[in-house]
A.B. asks: 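I have a structure here, written as structure tokens, and I will follow up with some questions on it.
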Amino acid sequence: MKVLGFVGSPRSGGNTATLVGQVIAGAKEAGASVEVVHIPSLEISGCKGCKYCKSHETCRIDDDMQALYSKIREADVLIFGTPVYFAQMTGQMKQFVDRLYALIDADYKPRLSPGKKAAVVLTQGDDNVKAFTGIADTFSFAMSFFQIPVSDPIIAGGLDAPKDIEKNNTAMDGAFQLGKRLASH
Ligand SMILES: Cc1cc2nc3c(=O)[nH]c(=O)nc-3n(C[C@H](O)[C@H](O)[C@H](O)COP(=O)(O)O)c2cc1C
């Protein structure tokens with residue numbers, strides 16, 4: 001069982017990285033092999049809409065996404081973590097998500113093996129954890145092309161300073177338990 005986490009916050013060591021880290025820690029305790037990718041540290045261009053990937057097996061852009069395609073193919077569980085930026089996922093995370101288009105063939109069939117699972121982790125300043133659930137819906141929409149079911153999101157609000165999340169026991173524990181569950185069955 002391989003669990004692969006993606007952190008879409010440019011602030012390494014911030015709330016999103018910590019909360020994704022909790023999911024990963026739970027998965028590790030359940031026996032999974034784990035890896036976390038910090039998306040903003042990588043060179044990932046935006047999709048050019050050229051559709052090269054619809055007549056070839058992969059994307060023509062030669063950047064860090066090529067290595068991520070391999071990692072995604074090998075993973076059993078994908079964790080997507082992003083802070084809310086102006087009611088959306090971060091731009092870096094969106095560029096990464098758009099590039100997943102290359103994993104869908106010309107008939108909109110997945111180029112990934114079946115049986116994977118996914119989860120979403122959102123962090124935000126707003127105390128209302130229902131304010132930006134549309135972001136989780138966007139990940140579910142993207143994953144539907146791969147027939148990957150997405151667990152109920154972990155959403156933590158009221159966050160500003162990088163370590164604020166450590167005071168939110170409910171989110172921290174919920175993320176850990178989610179990781180355990182995802183890696184257990
Ligand atoms: C550019 C920017 C835009 C933001 N927009 C929102 C927003 O629309 N709604 C919100 O609730 N929080 C917003 N926030 C707050 C962050 O989502 C929140 O502090 C988050 O926990 C930061 O995650 P990090 O510690 O991983 O960087 C914004 C923060 C930044 C820097």
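Whatever order the structure lists them in is the order used to number ligands and atoms, beginning at 1.
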A.B. asks: Looking only at protein heavy atoms, which one is nearest to atom 2 (C) of ligand 1, and what is the separation?
C.D. replies: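 Ranked first by proximity to atom 2 (C) of ligand 1 is Tyr85 CD1, 3.6 Å.
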A.B. asks: Relative to the heavy atoms of Asp126, which atoms of ligand 1 are at a distance of less than 4.0 Å?
C.D. replies: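 Every atom of ligand 1 under 4.0 Å from some heavy atom of Asp126: 10 (C), 11 (O).
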A.B. asks: Around atom CG of Asp152, are there more than 12 heavy atoms from other residues, nucleotides or ligands closer than 6.0 Å?
C.D. replies: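 For Asp152, atom CG is not crowded (no more than 12 foreign heavy atoms under 6.0 Å).
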A.B. asks: What is the ring orientation for Phe145 with Phe141, classed by angle as parallel under 30°, tilted 30 to 60°, or perpendicular over 60°?
C.D. replies: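 The arrangement is perpendicular - the two ring planes meet at more than 60°.
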A.B. asks: For atom 22 (C) of ligand 1, what's the nearest protein heavy-atom neighbour? Residue, atom name and distance, please.
C.D. replies: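 Result: Pro83 CB, 3.6 Å.
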A.B. asks: Which residue and non-hydrogen atom of the protein lie closest to atom 6 (C) of ligand 1, and at what distance in Å?
C.D. replies: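 Looking at atom 6 (C) of ligand 1, the protein heavy atom closest to it is Val84 O, 3.2 Å.
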A.B. asks: Side chains of Ile72 and Arg111: does their closest heavy-atom pair fall under 4.5 Å?
C.D. replies: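 No - every pair of side-chain heavy atoms lies 4.5 Å or more apart.
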A.B. asks: Any chance NZ of Lys54 has more than 12 other-residue heavy atoms, nucleotides or ligands included, within less than 6.0 Å?
C.D. replies: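 Yes.
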A.B. asks: Pair Glu35, Lys71 - check salt bridge (Lys or Arg N to Asp or Glu O under 4.0 Å), show working.
C.D. replies: CA-CA 9 Å; Glu35 183 176 354; Lys71 287 182 192 292; 2.8 Å; yes
A.B. asks: Could you note down all residue pairs passing ring pair (Phe, Tyr, Trp, His ring centres under 6.0 Å) where residues 81-130 supplies at least one of them, sequence neighbours left out?
C.D. replies: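 Of all non-adjacent pairs touching residues 81-130, those that pass ring pair (Phe, Tyr, Trp, His ring centres under 6.0 Å) are Phe6-Phe96.
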A.B. asks: Which ligand 1 atoms, with their elements, are less than 4.0 angstrom from a heavy-atom of Phe86?
C.D. replies: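 That gives atoms 3 (C), 4 (C), 5 (N), 6 (C), 7 (C), 8 (O) of ligand 1.
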A.B. asks: Counting only heavy atoms not in Lys94, do more than 12 fall under 6.0 Å of its NZ?
C.D. replies: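 For Lys94, atom NZ is not crowded (no more than 12 foreign heavy atoms under 6.0 Å).
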A.B. asks: Looking only at protein heavy atoms, which one is nearest to atom 26 (O) of ligand 1, and how far off is it?
C.D. replies: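 For this ligand atom, the closest protein heavy atom is Thr16 OG1, 2.7 Å.
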A.B. asks: Do Ile44 and Arg99 touch side chain to side chain, with heavy atoms closer than 4.5 Å?
C.D. replies: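 Contact flag for Ile44/Arg99 side chains = yes.
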A.B. asks: Using a 4.0 Å cut-off to any heavy atom of Ser9, which atoms of ligand 1 qualify?
C.D. replies: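 Numbered from 1, ligand 1 contributes 24 (P), 26 (O), 27 (O).
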A.B. asks: Decide whether an N or O pair under 3.5 Å exists between Gly14 and ligand 1.
C.D. replies: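 Between Gly14 and ligand 1, no N or O pair is found under 3.5 Å apart.
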A.B. asks: Between Ala87 and ligand 1, find which residue part has any heavy-atom pair under 4.0 Å and reply side chain, backbone, both or neither.
C.D. replies: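 Under 4.0 Å from ligand 1, Ala87 contributes backbone atoms alone.
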A.B. asks: Report yes if Gly125 has an N/O atom closer than 3.5 Å to an N/O atom of ligand 1; otherwise report no.
C.D. replies: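 Such a contact does occur with ligand 1.
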A.B. asks: Looking at Leu159, which atoms of ligand 1 are within less than 4.0 Å of one of its heavy atoms?
C.D. replies: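 The atoms of ligand 1 under 4.0 Å from a heavy atom of Leu159 are 18 (C), 19 (O), 21 (O).
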A.B. asks: Could you tell me the residue and atom name of the protein heavy atom closest to atom 21 (O) of ligand 1, and the distance to it rounded to 0.1 Å?
C.D. replies: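 Answer for atom 21 (O) of ligand 1: Thr123 OG1, 3.1 Å.
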